[in-house]
Amino acid sequence: MEFSGHNVLVTGANRGIGRAIALLLGGYRNRDSQPLKVWINYRADHKGADTLKGEIENLGGRAALVKFDVTCEEEFIEGVKTIVDSDGGLSYLVNNAGIVLDKLAVRMKTEEFVRVLETNLKSVFVGCREALKVMSKQRFGSVVNLSSVIAEKGNLGQTNYAASKGGVISMTKSFAYEGALRHVRFNCVTPGFIATDMSAGLDDALKADYLKNIPLARLGEAKEVAGAVAFLLSDLASYITGETLKVNGGLYM
Ligand code: NDP
């Protein structure tokens, strides 16, 4: 895969899918034969983030840590500024950080609805907006936002999560319009059920039930989502913007 850019910010990269994305991207070199520099965002888990940094460096890559809570707009803006001041720009952004707070709608407090939107949607808006400012000036950039199969099909107990991830898809298309003339692309991936801490919380009966509906008959792996993200960021996807790429084993076609 070819990359014209030189650096990438991955939010929530200390574990799960974000970690797999950072690790995969850390192994690529750009057109100048330089490793892509991976900025690992984390909010508290310094050890996890630092271990990942070491792993990327051991593979011959370049990595740096940038600590902020994505729900804090000021911190997110400061994080992007740190990167731009250090590297002279930002080539790629992956808005990966996300949470679930599942509950049947009749029991869900409005605060629980809003909290999920703050993390999964508002932060993605802030990240896309700040990236677009920098990338517009560069006349180059690519952003991938993590949505979910739940945005496409809905789910019991996930009204807040579905709303947040559905918003990510439509917002990404709108950003794609705004970025297009400045050569900045915005795309989404919609993972299905991926084996991470997030899905580990599902009870076994529910998991068995989900598996019956997945044609590939297994949960996905974080690295399988990472491959789709890397493709959409890369030059190989240079004519793709506003798109949503499903990575769900056939769960929703
Ligand atoms: P995990 O729960 O395993 O990891 C979530 C990551 O997001 C962690 O690194 C977490 O940090 C970080 N994070 C959460 N809130 C914040 C915050 N406020 N600021 C900074 N970082 C934060 O989730 P996954 O890896 O499974 O999911 C990654 C993305 O993929 C999410 O957007 C999720 O919605 C989406 N997705 C996942 C699916 C799955 O089946 N796993 C399916 C579809 C979509 P910390 O360690 O500090 O909590």
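Just so you know, these numbers use all the heavy atoms, side chains as well, and skip hydrogens, waters and symmetry mates. Sequence positions, counted from 1, serve as the residue numbers for this chain. Note that the coordinates shown come from a computational prediction; the quantities given were computed from them, not determined experimentally. Just so you know, ligand 1 is whichever comes first in the structure, and atom 1 is the first atom listed for that ligand.
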Any Arg43 side-chain heavy atom under 4.5 Å of Phe68 side chain: no
Nearest-contact summary for atom 40 (O) of ligand 1 - protein heavy atom, Å: Ile194 N, 2.9 Å
For Ile17, the ligand 1 atoms whose distance to one of its heavy atoms is below 4.0 Å: 25 (O), 26 (O), 27 (O), 28 (C), 30 (O), 37 (C)
Donor-acceptor pair between Asn95 and Thr11 side chains, under 3.5 angstrom: no
Partner of Phe186 under ring pair (Phe, Tyr, Trp, His ring centres under 6.0 Å), chosen from Tyr177, Tyr92, Phe175: Phe175
Asn96 heavy atom under 4.0 Å from ligand 1: yes
Sub-4.0 Å heavy-atom approach of Ala222 to ligand 1: no
Ligand 1 N/O within reach of Tyr161 N/O, cut-off under 3.5 Å: yes
Sub-4.0 Å heavy-atom contact, Tyr42 with ligand 1: no
Residues Glu118 and Arg115 bridged, charged N to O under 4.0 Å: no
Heteroatom proximity flag, Asn41 to ligand 1, N/O under 3.5 Å: no
Any donor-acceptor pair under 3.5 Å from Ser174 side chain to Ser170 backbone: yes
Flag if over 12 foreign heavy atoms under 6.0 Å of NZ, Lys207: yes
salt_bridge(Arg62, Glu57) N-O dist < 4.0 Å: no
Atoms in ligand 1 with a heavy atom of Asp197 nearer than 4.0 Å: 3 (O)
For Asp69, the ligand 1 atoms whose distance to one of its heavy atoms is below 4.0 Å: 17 (C), 18 (N), 19 (N)
Electrostatic pair Glu73:Arg129 at N-O distance under 4.0 angstrom: yes
Electrostatic pair Glu111:Lys109 at N-O distance under 4.0 angstrom: no
Ligand 1 atoms in contact with Phe193 (distance to a heavy atom under 4.0 Å): 40 (O)
N or O pair under 3.5 Å between Asp45 and ligand 1: no
Heavy atom of Ser147, distance to ligand 1 below 4.0 Å: yes
Electrostatic pair Arg218:Glu224 at N-O distance under 4.0 angstrom: yes
Heavy atom of Thr119, distance to ligand 1 below 4.0 Å: yes
Ligand 1 to Gly18 polar contact by distance, N or O atoms, under 3.5 Å: no
Proximity flag Lys165 to ligand 1, non-hydrogen atoms under 4.0 Å: yes
Atom indices of ligand 1, in the order listed, that fall short of 4.0 Å to a heavy atom of Arg15: 1 (P), 2 (O), 3 (O), 4 (O), 8 (C), 9 (O), 10 (C), 45 (P), 46 (O), 48 (O)
Ligand-side contact atoms (ligand 1) for residue partner Ile99, heavy atom cut-off under 4.0 Å: 14 (C), 15 (N)
Ion pair check, Asp87 and Lys37, cut-off under 4.0 Å: yes
Polar atom proximity, Val70 to ligand 1 (N or O, under 3.5 Å): yes
